[in-house]
Chemist: 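Please read through the structure below; I'll follow up with questions.
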Amino acid sequence: MQSAARQSVVVDGMALAQELRSQIAAEVAELVAAGRRPPCLAVLLVGDHPASASYIRGKHRACARAGISSRDHHLPQEASEQEVLALVDALNRDPTVDGILVQLPLPRQIHAVTVIEAIDPAKDVDGLHTRNAGRLMAGLPGLRPCTPLGILEVLDRHKVPLLGAHAVVIGRSGLVGKPVALLLLERHATVTICHSRTRDLAALVREADVLVACAGSPLLVKGDWIKPGAAVIDLGVNMVDGRQVGDVDFDAALGTAGLITPSRGGVGPLTITMLLRNTLEAYRSRTGLPPRGA
Ligand code: GUN
């Protein structure tokens, strides 16, 4: 059937994020009104990666607006792995710190896995420690990575059916691709994980009821690959000729997709929101409060 007359829902990630952040802020305000200290997130940046500094500013701003206190730790580009590990150790031991986020990428001389493994899993608000990643794999509760949680929030909010749906994930990173595939599987989707070596990507994408593009490859997914009515989640943030584009050709997919997230203002604001939620969850668990919704 010709799809020219179709309308795509373009996800307003900022509006959804604002709504969820107000709920988080209300929950924090209630805890503080009851005489408790606010939750606290420590953010650790090593070096001067330009995008990282701007992401971190956004994280601190969102914490402040939600009433969550945040600490900024900035080590120089030439810091040694020992210095980073010493700081992580101090934050692990600090009882007033609930969440620790080590901004990635780290400078070359620092082994990211070693640093992430040094974080107390109860404070690992990125959900990247092997204890939390393993618990996700095993279907046990734990802290989950923020972007995959944000993706599920978008899909749920727009009532995208996942049970029995074919979800195609392009990308296999530990930060997004692998965990989102597991979360979708947990929700009874049939999941295909694709990557740079996948043969005939177009044919697989054409089968997708839900497409998650997190390959970091500008405009990889063409408009005519999209199954009519599919939910298209684009995590790509790529600069091409001074313009930000996603991994999906948004303009070409518009009209065919049932729902689509833009590269700017799509899932991004939800990632920070889920960081706030994870920090609050870590706080609740560390201070003996029941988990949210329990
Ligand atoms: N760099 C880009 N995205 C992320 C993220 O979600 N967490 C961390 N720690 N670093 C990042």
Side-chain angles (χ1 to χ4, degrees), residues 39-63 68-138 140-150 171-183 214 216 235 237 268 271-283 285-286:
C40 174
L41 172 70
V43 180
L44 170 48
L45 171 65
V46 187
D48 31 49
H49 189 267
S52 289
S54 135
Y55 289 151
I56 283 181
R57 274 194 300 277
K59 288 168 185 175
H60 286 298
R61 205 178 313 125
C63 279
I68 293 175
S69 62
S70 65
R71 293 201 206 158
D72 194 24
H73 296 275
H74 192 174
L75 294 179
Q77 178 75 23
E78 59 284 358
S80 69
E81 190 172 287
Q82 280 314 311
E83 284 173 88
V84 178
L85 291 173
L87 181 51
V88 168
D89 184 51
L91 295 170
N92 282 342
R93 289 165 187 271
D94 187 334
T96 64
V97 169
D98 302 294
I100 302 172
L101 181 140
V102 177
Q103 188 67 28
L104 302 174
L106 288 166
R108 208 175 292 225
Q109 73 278 14
I110 298 165
H111 192 220
V113 173
T114 305
V115 173
I116 289 162
E117 287 300 284
I119 297 172
D120 176 351
K123 298 188 178 188
D124 168 38
V125 284
D126 252 337
L128 295 179
H129 190 285
T130 50
R131 179 166 172 88
N132 286 315
R135 290 181 71 85
L136 170 60
M137 183 77 178
L140 296 169
L143 289 163
R144 310 296 199 218
C146 302
T147 301
L149 286 179
R172 52 176 158 177
S173 71
L175 207 54
V176 186
K178 283 183 201 161
V180 79
L182 288 170
L183 289 176
C214 48
L235 282 305
V237 177
T271 295
I272 296 190
T273 307
M274 295 302 117
L275 174 65
L276 302 178
R277 186 182 277 174
N278 275 353
T279 303
L280 181 53
E281 282 309 305
Y283 165 92
S285 150
R286 295 185 58 261

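Both backbone and side-chain heavy atoms feed into the values below; hydrogens, waters and symmetry mates do not.
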Chemist: Should Cys146 and Leu275 be marked as a side chain to side chain contact (heavy atoms under 4.5 Å, CB included) after you check the CA-CA gap, both sets of side-chain angles, and the distance that decides it?
Modeler: CA-CA 6 Å; Cys146 302; Leu275 174 65; 3.9 Å; yes
Chemist: With rounding to the nearest 0.5 angstrom, report the CD1 to OG1 distance, Ile100 to Thr279.
Modeler: 10.5 Å
Chemist: Quick one: do Met137 and Lys178 satisfy side chain to side chain contact (heavy atoms under 4.5 Å, CB included)? Show the steps, please.
Modeler: CA-CA 10 Å; Met137 183 77 178; Lys178 283 183 201 161; over 6 Å; no
Chemist: Go through the structure and list residues passing side chain to side chain donor-acceptor pair (under 3.5 Å) with Glu117, not counting sequence neighbours.
Modeler: Thr130
Chemist: May I ask you to decide if Pro141's main-chain N or O and Arg135's side chain share a donor-acceptor pair within less than 3.5 Å?
Modeler: yes
Chemist: Please step through side chain to side chain contact (heavy atoms under 4.5 Å, CB included) for the pair Gln103 and His49, ending with a clear verdict.
Modeler: CA-CA 10 Å; Gln103 188 67 28; His49 189 267; over 6 Å; no
Chemist: For the residue pair Ser52 and Pro105, establish whether any side-chain heavy-atom pair is separated by less than 4.5 Å.
Modeler: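 Sidechains of Pro105 and Ser52: in contact.
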Chemist: Say whether, by atom type as modelled, one donor and one acceptor occur between the side chain of Asn92 and the main chain of Asp120 under 3.5 angstrom.
Modeler: yes
Chemist: Please check if the side chain of Ser70 supplies one atom and the backbone of Cys40 the other of a donor-acceptor pair under 3.5 Å.
Modeler: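 Absent.
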Chemist: Please report the closest heavy-atom contact between Leu235 and Cys214, naming both atoms and the distance.
Modeler: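 Closest heavy-atom pair between Leu235 and Cys214: CB-CB, 3.9 Å.
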Chemist: Taking Asn278 for its side chain and Arg144 for its backbone only, find out whether a donor-acceptor pair lies under 3.5 Å.
Modeler: yes
Chemist: What's the separation between atom NE2 in His129 and atom CD1 in Ile119, rounded to the nearest 0.5 Å?
Modeler: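 It is 7.5 Å, given to the nearest 0.5 Å.
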Chemist: Between atom CD of Gln82 and atom CG of Leu87, what is the distance when rounded to the nearest 0.5 Å?
Modeler: 12.5 Å
Chemist: Taking the side chain as everything from C-beta on, heavy atoms only, tell me whether Leu175 gets closer than 4.5 Å to Thr147.
Modeler: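 The answer is no; the side chains never approach within 4.5 Å.
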Chemist: Are there over 12 heavy-atom neighbours, none belonging to Arg131, within less than 6.0 Å of that residue's CZ?
Modeler: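 No.
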Chemist: Rounded at 0.5 Å granularity, tell me how far OH in Tyr55 sits from CG in Leu101.
Modeler: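 That separation rounds to 13.0 Å.
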Chemist: Give a yes or no on whether the backbone of Gln77 and the side-chain of Gln109 come within a donor-acceptor separation of less than 3.5 Å.
Modeler: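 Here the side-chain-to-backbone pair exists.
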Chemist: Val84 vs Leu44, test: side chain to side chain contact (heavy atoms under 4.5 Å, CB included). Steps then yes/no.
Modeler: CA-CA 9 Å; Val84 178; Leu44 170 48; 4.1 Å; yes
Chemist: Please find the pair of heavy atoms, one from Ile272 and one from Gly58, that lie closest to each other, and give the distance.
Modeler: CD1-C, 4.0 Å
Chemist: Report the distance from atom CG of Leu106 to atom NE2 of His111, rounding to the nearest 0.5 Å.
Modeler: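 Between atom CG of Leu106 and atom NE2 of His111 there are 10.5 Å.
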Chemist: Taking all non-hydrogen atoms of both residues, which atom of Asp94 and which atom of Lys123 are closest, and how far apart?
Modeler: O-NZ, 2.8 Å
Chemist: Within this structure, what is the CG-CG distance for the pair Leu149 and Leu183, rounded to the nearest 0.5 Å?
Modeler: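 Between Leu149 CG and Leu183 CG, I get 6.0 Å after rounding to 0.5 Å.
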Chemist: Give me the one residue out of Leu75, Ile56, Leu104 that meets side chain to side chain contact (heavy atoms under 4.5 Å, CB included) with Leu45.
Modeler: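 Exactly one candidate clears the test, Ile56.
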Chemist: Could you report the tightest heavy-atom contact between Ala282 and Ala122, atom names first, then the distance?
Modeler: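 Here Ala282 and Ala122 meet closest at CB-O, 3.5 Å.
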Chemist: At their closest point, which heavy atom of Pro95 faces which heavy atom of Arg286, and how far apart are they?
Modeler: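 In terms of heavy atoms, the two residues are closest at O-NH2, 3.4 Å.
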Chemist: Heavy atoms only: give me the nearest Ala79-Val46 pair and the separation to one decimal.
Modeler: CB-CG1, 4.1 Å
